[in-house]
Amino acid sequence: DLVERLPDQFDLEDIRGRTDDITPYIMVAIQETERMNKLLAEMKRSLAELDLGLKGDLTMSDPMEALMNALADGAVSAGWTKLAYPSLRGLGSWMVNLLQRVEQLQMWTADLATPRVVWLSGLFNPQSFLTAVMQTTARRNDWPLDKTVVLTEVTKKNVEQIEAPSREGAYVHGLTLEGCRFDEKVGVLEDSKPKEMFCPMPVIVIKAVTAVKGAEITPDKVRVDRTRRRLSRGTSARLAVDPSSLLRPTRRPSTDENHENHARPRPVPPLASLARVHQVVVRFSEAVDGFALPPGHTHENVDQPVAKK
């Protein structure tokens, strides 16, 4: 069943041959397809090898037995994990997520135009896309790249409401709040609704500015972990958050006068793409059922990156 569900690998020569101008965004698309091709190739190879081993045509090796045991346990093989993106999903959900990532790359490489909204958590290396935003803006404005920084801004729109790519940077989605919710009308963090653990973030604009301007805005910097567990060194990134991205940097007080803790507004640092405020967590939504995926897709379980400040 897994073999039948696996898509064909990308034709990298055809992708490269369709343009002479390799922009930073196109380079990200090419790098992502290269990584996906390696993963798909290993999956097909190992599954075909295991099939021959089970038929008696090959002697069962340790890697083949490890793959067989992983499939029986509903887990992702260690051999696949080495070539894949960080994830804590079980095999079934992991396969669904893999096919969704492939679909985004297929749409991106079809005409090599930057998607109007990029599913950031659907990339192997989200940090490379942030770098592409800086490179594109620096080239357009003739800025030195080492004097350019990234800022993020929360919009009040969902994916379906975005009609064209951003002129200032790039629209991204794929983030959820854990432990609170985002009030899109007012632009502030609010307490979670009863029995609602997760809240999808609106579309976010990632843009680049000069380091001088970035210093004037005095953004908060937050660390981003790519899964709910920080798997290893080097899996984190830092983003600068534009304070003006929120209309009000405070939570509104509760109308319940019997709760002193809710009677006063509680300060909340400026929030954009990623932040953690006490027990408030914003993380990539590879994790949450039905949140912030490409239109028409759903999730099976929870697992993606946690952001920690």
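We number each residue from 1, following the sequence as shown.
Aromatic ring orientation, Phe124 versus Tyr85: perpendicular (interplanar angle above 60°, classes split at 30° and 60°).
Under the 4.5 Å side-chain criterion, counting only non-hydrogen atoms from C-beta, Leu175 is in contact with Ile204. Taking the side chain as every heavy atom from C-beta outward, Glu184 and Asn158 never approach each other to under 4.5 Å. The closest side-chain heavy-atom distance from Met64 to Ser61 is below 4.5 Å. Annotation: side chain of Lys207 is not in contact with side chain of Val150 (no heavy-atom distance under 4.5 Å). Looking only at side-chain heavy atoms (C-beta outward), Val205 and Val154 stay at 4.5 Å or farther from each other.
Put simply, OG on Ser46 and CE on Met68 are 13.5 Å apart, with the number rounded to the nearest 0.5 Å. Interatomic distance, Leu130 CG to Ile206 CD1, rounded to the nearest 0.5 Å: 5.0 Å. Rounding to the nearest 0.5 Å gives a distance of 8.5 Å between CG of Asn141 and OG1 of Thr148. Remark: Leu83 CG to Met36 CE distance equals 11.5 Å, nearest 0.5 Å. Within the model, atoms CD of Glu49 and CG of Leu54 stand 10.5 Å from one another, a figure rounded to the nearest 0.5 Å.
Ile26 and Asp21 get closest at one heavy-atom pair: CD1-O, 3.6 Å. Of all non-hydrogen atoms in Ser77 and Ala70, the two that sit nearest each other are CA-CB, 4.0 Å. Residues Leu112 and Thr19 share a closest heavy-atom pair of CD1-CG2, 3.6 Å. Listed here is the closest heavy atom pair of Thr210 and Val149: O-CG2, 3.9 Å. Taking both residues in full, the closest heavy atoms of Val118 and Gln104 are given as C-OE1, 3.8 Å, listed atom of the first, atom of the second, then distance. Pairing each heavy atom of Ala208 with each of Met134, the nearest pair is CB-CA, 3.8 Å.
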**Message:** Please determine whether salt bridge (Lys or Arg N to Asp or Glu O under 4.0 Å) holds for the pair Lys38 and Glu42, giving the CA-CA distance in whole Å, both sets of side-chain angles, and the decisive distance to 0.1 Å.
**Reply:** CA-CA 6 Å; Lys38 291 180 180 178; Glu42 173 59 21; over 6 Å; no
**Request:** For salt bridge (Lys or Arg N to Asp or Glu O under 4.0 Å), just list the numbers for Glu163 and Arg116, CA-CA rounded to whole Å, side-chain angles, deciding distance to a tenth of an Å, and then say yes or no.
**Result:** CA-CA 7 Å; Glu163 299 179 351; Arg116 55 190 177 86; over 6 Å; no
**Item:** Steps toward side-chain contact (heavy atoms from CB on, under 4.5 Å) verdict (Met201, His173)
**Value:** CA-CA 8 Å; Met201 284 292 293; His173 73 115; over 6 Å; no
**Request:** Show your working on side-chain contact (heavy atoms from CB on, under 4.5 Å) between Leu47 and Trp80 and close with a plain yes or no.
**Result:** CA-CA 11 Å; Leu47 288 171; Trp80 300 353; 3.9 Å; yes
**Request:** Before giving the answer on side-chain contact (heavy atoms from CB on, under 4.5 Å), spell out for Leu6 and Leu98 the whole-Å C-alpha distance, their side-chain angles and the decisive distance to 0.1 Å.
**Result:** CA-CA 9 Å; Leu6 289 177; Leu98 172 69; 4.2 Å; yes
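With hydrogens and angles ignored, the 3.5 Å screen pairs a side-chain donor or acceptor of Glu32 with a backbone N or O of Asn125. Counting only distance, with no hydrogens or angles, the side chain of Thr136 and the backbone of Val133 share no donor-acceptor pair below 3.5 Å. Checking side-chain atoms of Lys157 against main-chain N and O of Pro202 turns up no donor-acceptor pair under 3.5 Å. Between the side chain of Asn37 and the backbone N or O of Phe10 there is at least one donor-acceptor pair closer than 3.5 Å. In this structure, the side chain of Asp73 does not engage the main chain of Ala75 through any donor-acceptor pair within 3.5 Å. A side-chain donor-acceptor contact under 3.5 Å links Arg18 to the backbone of Thr109. Between the side chain of Asn97 and the backbone N or O of Ser93 there is no donor-acceptor pair closer than 3.5 Å.
Side chains of Thr137 and Trp143: no donor on one and acceptor on the other come within 3.5 Å.
By the salt bridge (charged side-chain N to carboxylate O under 4.0 Å, His left out) test, Lys55 is found to be paired with Asp51, residues two or more places apart in sequence or in another chain being considered. Listed by chain and number, the residues in a ring-ring contact (aromatic ring centres under 6.0 Å, His included) with Tyr171 amount to none (sequence neighbours excluded). Partners of Lys193 by side-chain contact (heavy atoms from CB on, under 4.5 Å), not counting sequence neighbours, listed by chain and number: Arg181, Glu196.
The number of heavy atoms from other shown groups lying within 6.0 Å of CE (Met60) is above 12. Counting non-hydrogen atoms of neighbouring residues, nucleotides and ligands closer than 6.0 angstrom, the CD atom of Glu168 reaches no more than 12 such neighbours.
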